[in-house]
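Everything on this sheet refers to the single structure shown next.
Note that the numbering runs from 1 along the sequence shown for the chain.
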Amino acid sequence: MILSRYKVVATGSNRTRLINKLNNKNITIYNLVTFEKTTFWVNAKDYKTVKHFAEIYSVQVEIEADSGLSKALRDSLKNLPYMIAAVVCFIILLVSTNFVYNIKVEAQNDIYANKVQTLLNENKLNGVIPKNKINLKEIENLILNNVDEVSFATCYIEGFSLMVKIVANDNPKQSETKKDLTSRYDAVVTRVIVRSGTSEVAPGKVVKAGDILIGGYHIADNTPSDGEESGDRIDVNADGEVYGKVYTHKRFVIPNKNYAFVKTGKSSIKRQLGFNNLTILKSGKIPYEFFEVATTEIKLFGVLPLKVVTFEYFELKKVEIEQNTYIENLKNKFDSEFIEAMSGEAKLLSKNYEIKTVEGVKYLDIFYETEQRLDNGGHYY
């Protein structure tokens, strides 16, 4: 049985003499092809003889490929880190079946779920817990005895998770605390719409962030609908909309030499294998000096506490660009970011760019004038 073969590439003027000599020595040759080079397969055990006669006839030979046992060994060595990681993962998996790695609290209301989660954390029911240390009935009683709003609780283990499901008595009532509407920005007021409360500002007034725009009250005017004496202050929920002009200024330093990073078209994929929070197989060294990276994470939690992270690195090349081009790119980049960050109600009224040099340093100043809603929403709970 042939365990392994080598594909040999031979170059030189005496290739034919070499092949004839190997035939005379009863060296079995497979798939002989001769053109500009001569290629053939031989049994791995005969390669030493091929090498010996090649030196005698001044023929250069090298192994281009292999098959059989040697290939299997080479592939095994190539994948050895993954094989080791798989074995380590399997061993850890056998041990890990005796633990839970997280607690999932399910409830119709997040407030109650957070209360239960805090209670469990205070009683050291978090992180990695041995399954033989978990008393499901005790946990249920702990929740029922300490969280008044919970009327029913059930606990069970599912895979590597401790599942806690609770049913609450009633939904929490919203606080009826009355508040004023205050400004989120420094601005100049342009429009005021009051639905409830008393306006503290008018168009043209300059306000600072935190200033009251609409007060949570109104003054009785002694009409029958008020039911109060004239001049009495009556607390109400402030409600309305206030708009104003907001001015934004950003400054950027312009370096003497300017660079951009462009993709070269090369990329490299690396993977990292983790078990719970432990990294079993690291992704290795980053292959490029300048790069962009796209990360994809696959969690097998619930089936196995495994995490596979794939990093795709894209090589970047540092290229010097003209200063004017750099400035235009900077403008476009910040314009896009600024407009994307604007709320749906905001309007861009104007923008202005200024380039100045101060003590030998060149700056780009960008000014934006926008109209935005200034108030902080109108409802507090």
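For Ser267, the side chain to side chain donor-acceptor pair (under 3.5 Å) criterion is met by no residue, not counting sequence neighbours. Scanning for side chain to side chain donor-acceptor pair (under 3.5 Å) contacts around Asn14 gives an empty result, with sequence neighbours left out. Under the salt bridge (charged side-chain N to carboxylate O under 4.0 Å, His left out) criterion, Lys165 pairs with Glu106, sequence neighbours left out. Glu328 is linked by a side chain to side chain donor-acceptor pair (under 3.5 Å) to Lys331, counting only residues two or more places apart in sequence or in another chain. For Thr34, the side chain to side chain donor-acceptor pair (under 3.5 Å) partners at least two apart in sequence or on another chain are Thr38. Considering only residues two or more places apart in sequence or on other chains, Lys351 meets the salt bridge (charged side-chain N to carboxylate O under 4.0 Å, His left out) condition with Asp335. Qualifying salt bridge (charged side-chain N to carboxylate O under 4.0 Å, His left out) partners for Lys347, counting only residues two or more places apart in sequence or in other chains: none. For Asp110, the salt bridge (charged side-chain N to carboxylate O under 4.0 Å, His left out) test picks out no residue, with sequence neighbours left out. The side chain to side chain contact (heavy atoms under 4.5 Å, CB included) test applied to Phe152 returns Thr154, Val167, not counting sequence neighbours.
In this structure, the separation between CD on Gln117 and CG on Asn126 is 8.0 Å, given to the nearest 0.5 Å. The distance from the SG atom of Cys155 to the CG atom of Leu120 is 7.5 Å, given to the nearest 0.5 Å. Between the CG atom of Leu18 and the CD1 atom of Ile56 there is a distance of 9.5 Å, given to the nearest 0.5 Å. Between the OG1 atom in Thr310 and the NZ atom in Lys270 there is a gap of 12.5 Å [rounded to 0.5 Å]. With rounding to the nearest 0.5 angstrom, the CD1 atom of Ile355 is 5.5 Å from the CG atom of Leu364. Rounding to the nearest 0.5 Å places CG of Leu181 at 11.0 Å from CG of Leu374.
One finds a salt bridge joining Glu337 and Lys333 here, because a Lys/Arg side-chain nitrogen approaches an Asp/Glu carboxylate oxygen to under 4.0 Å. Salt bridge annotation for Arg195-Glu241: present, with a cationic side-chain nitrogen under 4.0 angstrom from a carboxylate oxygen. Between Asp365 and Lys356 there is a salt bridge, with a side-chain nitrogen of the basic residue lying less than 4.0 Å from a carboxylate oxygen of the acidic one.
A donor-acceptor pair is defined here as one N or O able to donate and one able to accept, closer than 3.5 Å; no such pair exists between the side chain of Asp180 and the backbone of Thr182. Panel note: side chain Asn31, backbone Trp41; no donor-acceptor pair is recorded below 3.5 Å. Judged by distance alone, with hydrogens and angles left aside, the side-chain atoms of Ser268 form no donor-acceptor pair with the main-chain N or O of Pro287 at under 3.5 Å. Checked by atom type and distance alone, the side chain of Ser336 pairs as donor or acceptor with a backbone atom of Asn332 at under 3.5 Å. Not one N or O on the side chain of Asp66 forms a donor-acceptor pair closer than 3.5 Å with the backbone of Arg5. Within the 3.5 Å criterion, the main-chain N or O of Ile111 finds no donor-acceptor partner in the side chain of Asn114. Looking only at distances, a side-chain donor or acceptor of Thr198 sits under 3.5 Å from a matching main-chain atom of Tyr217. Judged purely by atom type and a 3.5 angstrom limit, Thr190 uses its side chain to pair as donor or acceptor with the backbone of Tyr243. Of the possible polar contacts, one joining the Arg184 side chain to the Asp375 backbone as a donor-acceptor pair under 3.5 Å is found.
If you check the side chains of Glu149 and Tyr112, you find no donor sitting under 3.5 Å from an acceptor. Between the side chains of Lys245 and Gln372, no donor-acceptor pair of N or O atoms lies under 3.5 Å.
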I would like to know whether Leu125 and Ile139 meet side chain to side chain contact (heavy atoms under 4.5 Å, CB included); could you show each step before the answer? CA-CA 9 Å; Leu125 290 168; Ile139 296 174; 4.0 Å; yes
Check the pair Lys48 / Lys51 against side chain to side chain contact (heavy atoms under 4.5 Å, CB included), numbers first and verdict last. CA-CA 5 Å; Lys48 186 176 181 180; Lys51 188 79 172 174; 5.6 Å; no
Given ring pair (Phe, Tyr, Trp, His ring centres under 6.0 Å), test Phe338 with Tyr368 step by step and report yes or no. CA-CA 9 Å; Phe338 183 82; Tyr368 294 100; 4.0 Å; yes
Stepwise salt bridge (Lys or Arg N to Asp or Glu O under 4.0 Å) test for Glu371 and Arg191: CA-CA 10 Å; Glu371 184 184 56; Arg191 293 182 287 154; 3.5 Å; yes
Decide yes or no on side chain to side chain contact (heavy atoms under 4.5 Å, CB included) for Val61 and Tyr47, but give the supporting numbers first. CA-CA 10 Å; Val61 293; Tyr47 182 70; 4.0 Å; yes
Could you give me the CA-CA distance, side-chain angles and deciding distance for Lys362 and Gln323, then say whether side chain to side chain contact (heavy atoms under 4.5 Å, CB included) is met? CA-CA 11 Å; Lys362 185 176 284 189; Gln323 194 169 81; 2.9 Å; yes
Scan the side chains in residues 258-266 for donor-acceptor partners under 3.5 Å anywhere in the protein, sequence neighbours excluded, and list what turns up.
from   : atom 1 : to     : atom 2 : distance (Å)
Thr264 : OG1    : Lys266 : N      : 3.3
Thr264 : OG1    : Glu315 : OE1    : 2.8

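With a 6.0 Å radius and a threshold of 12 heavy atoms from other residues, nucleotides or ligands, Glu322 has its CD atom at or below the threshold.
Hydrophobic cluster membership of Phe291, counting Ile, Leu, Val, Met, Phe, Trp and Tyr whose side-chain heavy atoms lie under 4.5 Å apart directly or via other members: Ile286, Tyr288, Val293, Val309, Phe311, Tyr313. In the hydrophobic clustering (ILVMFWY side chains linked at under 4.5 Å, chained through shared members), Leu349 stands by itself.
Ring centroids of Phe252 and Phe334 are separated by less than 6.0 Å, placing the two rings close together.
Across all their heavy atoms, Ile166 and Ala153 have their closest contact at CG2-CB, 4.0 Å. Arg373 approaches Tyr185 most closely through the heavy-atom pair O-CE1, 3.7 Å.
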